[in-house]
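Right, one structure below, let's go through it.
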Amino acid sequence: MPILRQYLRIALRRRYVIIGSVVACVLLGLIITLLMTPKYTATSTIEISREADKVTNFQGVEREASVADQEFYQTQYGLLRSRSLSERVAAQLRLVDSPEFFAMFGKSSDQPAFQQVNGRYPAAGRAARQRAAGEVLLKNLGVDPTRLSRLVDIRFTSPDAAFSAKVANAWAENFIQTNLERKVQATSYGRDLLQRQLAEYKNRLDESQRQLVGYASAQQIINLPSQTTGDNRTTSERSIVADDLAALNASLSQATADRIQAEARYQQAGRSGASTEALRNVAINNLRQRRAELAAEYQQLMVRFEPGYPAAQAIQSQINQLDRSIAREEGRVSGSLQADYREAVERERALQSKVNQLKESYLDLRRRSIQYNIYQQEVDTNRALYDGLLQRFKEIGVAGGVGVNNVSIVDPADAPQKPSSPRLLLNLAAAILAGLVLGTALALGLEQIDEAIADPAEVERRLGLPLLGSVPKVEGATPKEALQDRKSELVDAYLAVQTNLAFTTQHGVPRSFAVTSTRPAEGKSTTALALATMLARAQRRVILVDGDMRSPSVHHLGGVDHDRGLSNFLSGENDIASLTFQMKDLGLTAMSAGPIPPNAAELLTGNRLSLLIEQLLQNFDHVVIDSPPVMGLADAPLIASQVEGVIYAVESHGIRATLVKTALSRLTSANAHVLGGVLTKFEARKANLGYGYEYGYGYGRERGNEAAG
């Protein structure tokens, strides 16, 4: 908040600079606005879709937007502002050869392309004029996308309303045409590229197939093609050796099983003497049945007859014949089993030998098929690449035939009825703003340049001095006359200074103090006289000593000369009473500066000044010394080092702050105690208004009486 108050003070102080800047800018803006040529802006609105609508897509007609679409739209906006599009519009509207067009926009050039021959431009400079016309159109074109939509406004501004509408519409139409042309060119380029790639990969495929067939022929590698089984499964390509090996291996397995079965039957027949085949033989079974019948008859005869009975012997002979027949039949069955077993063994052995041969052939084929498989993989890879490119080529061929555009005109431009510029109110507002900015900059600049102390607040802020008070500038009377009027503004001001001075030490107003300033005529003598008068009116014994032995002034106030005074005492004279005089109208005693010495600083370097102050304080309550200015002299620091404190007078709007700081540093280096500062010749009307600095100075009276010094 202190910074804001400081800026407000600066604005109030420099208000005339700011007001003048605003008025000047407003007048300048008004003049420029009235002198400007009216211009008209025509607007054409187009819609840019992300891509063409997919009318054949049953999942949805329009494509959903995403954040990534911003790249697409920014590209479209850049294409709308492209130089090629502007030159195309210029060529279509025949602006390249139109002197009126270039004159409308103030385009004049000393180039040969713009030198008219018989009222026309030369054909040789057409390219240069086309580029210049495109630059003019781009300079007056505006592309304004509507936020959160796919709409774009194309604005063109010119002094001719109809021409603005014509350019805006031509710009939109040519943008749509170039968009379609780019799609056709891209499709054609892609088709040509794919054709070249298809031819290349076709050659690769043919070469790899020839290489595969040549190697298979040289190595006698014959593979059966793949087949589709009944369950719609496709078998892979296989070699004849592998196929034969699989078939023979299956036969070998069957032969082994048959051999094992024949061997089992043969071994069974050898162990039991009667094999299963013999038991199942019909002839043997019939012979056995007949023998059983004859054996039964024979047993019946043996019941009644002896073995020698002829009928019994005949039956026994038949039984023996049947036994021999049964034995012969069983021998034939056993021989058949042995023959079958031997045949099975031979067949198994032959198949095993053939399988072993095929295994060796298959292993040899596998070794020779390594390079064959490499060639086969290359053929498969080239075929897959070729098929993919062929499919892509067909898709591009279909897509290239569809001329769907994703840019459409929503509202064509109409000739505007009123100019878009100049806009008086907007220009005046801009002029006011520019004036405020310029005035503020000037005020801040002047404030930085101006180092004068303007108001009481700056005594503390810029100088670092405690403010004892501010004294108004009075006119129409001398300082002494103003002090004699106890109702004057000067008396009120110095009463306030005296009051503040009483708080500078523990015992109130310092008993000895000097009043100095940076340079002459800043009001230090008036301040010394006024403070001595205020203390005297407070029933104090006060003596005013004129310490400025180079330019004395106190003796003028007493109406005496300066033949005797301070310089006499500093020179060695001890009679103080003879060196003073009375100022009865102000109620105080004074001591003039005395005769002007050749070098006042030499008189002040001794101890005579401190001795004088010590003796004066024995008879007076306060010793007030009117000190010389600080800058350029050594007197003020010497006097300041001998008194209890120093009061520093600063002229309002009269001296730079840097000079005051330099003077204060000199006093500080002399071990002087600066009690505070008094702002003299202060005019509240020149300071910051509204801060109440005039309160109490002139209540009920006219201001007057200048404070001199």
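Heavy atoms only: backbone and side chains are in, while hydrogens, waters and symmetry mates are out.
Pairs of residues two or more places apart, or lying in two chains, that qualify as side-chain hydrogen bond (donor to acceptor under 3.5 Å, both in side chains) and include a residue from residues 616-629 are K524-D626, S525-D626, R540-H622, R541-D621.
D546 is not listed as a side-chain neighbour of L566, based on a closest heavy-atom distance of 4.5 Å or more. Residues K480 and T533 are not in side-chain contact: their nearest non-hydrogen atoms beyond the backbone lie 4.5 Å or more apart. In this structure, I639 and P628 have side chains that are in contact, with non-hydrogen atoms separated by less than 4.5 Å. Contact of the V623 side chain with the R511 side chain is not registered, since no non-hydrogen atoms from C-beta on lie closer than 4.5 Å. The shortest distance between side-chain heavy atoms of V545 and T580 does not fall below 4.5 Å. You'll find the side chain of L529 stays beyond 4.5 Å of the side chain of Y494, heavy atoms only. With contacts defined as side-chain heavy-atom distances shorter than 4.5 Å, the pair I625/Q642 does not qualify. A heavy-atom distance below 4.5 Å is not found between the side chains of M534 and V509.
Between the side chain of Y648 and the backbone N or O of T518 there is at least one donor-acceptor pair closer than 3.5 Å. Judged by distance alone, the side chain of D485 and the main-chain N or O of E481 form no donor-acceptor pair under 3.5 Å. Under a 3.5 Å cut-off, the side chain of R462 and the backbone N or O of A657 do not form any donor-acceptor pair.
A536 and L588 make their closest contact through CB-CB, 4.2 Å (heavy atoms, listed as atom of the first residue, atom of the second, distance).
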| request: Let me see the working for L609 and L638 under side-chain contact (heavy atoms from CB on, under 4.5 Å), right down to the final yes or no. | output: CA-CA 9 Å; L609 179 59; L638 292 174; 6.0 Å; no
| Step-by-step side-chain contact (heavy atoms from CB on, under 4.5 Å) determination, S567 to L603 | CA-CA 7 Å; S567 60; L603 295 179; 4.3 Å; yes
| task | Please assess S641 against N671 for the test side-chain contact (heavy atoms from CB on, under 4.5 Å), listing each intermediate value before the final yes or no. | result | CA-CA 6 Å; S641 62; N671 295 325; 5.6 Å; no
| request: Could you give me the CA-CA distance, side-chain angles and deciding distance for I596 and R550, then say whether side-chain contact (heavy atoms from CB on, under 4.5 Å) is met? | output: CA-CA 6 Å; I596 299 176; R550 301 175 187 269; 5.7 Å; no
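Atom CG of L557 sits about 8.0 Å away from atom OG1 of T478, to the nearest 0.5 Å.
Seen from the ring of F569, R608 counts as a face-on cation partner, given the 6.0 Å and 45° thresholds.
Atom OH of Y77 sits in a crowded spot, with more than 12 heavy atoms from other residues, nucleotides or ligands closer than 6.0 Å.
Screening V678, I647, V646 for a side chain to side chain contact (heavy atoms under 4.5 Å, CB included) involving V515 leaves a single residue, I647.
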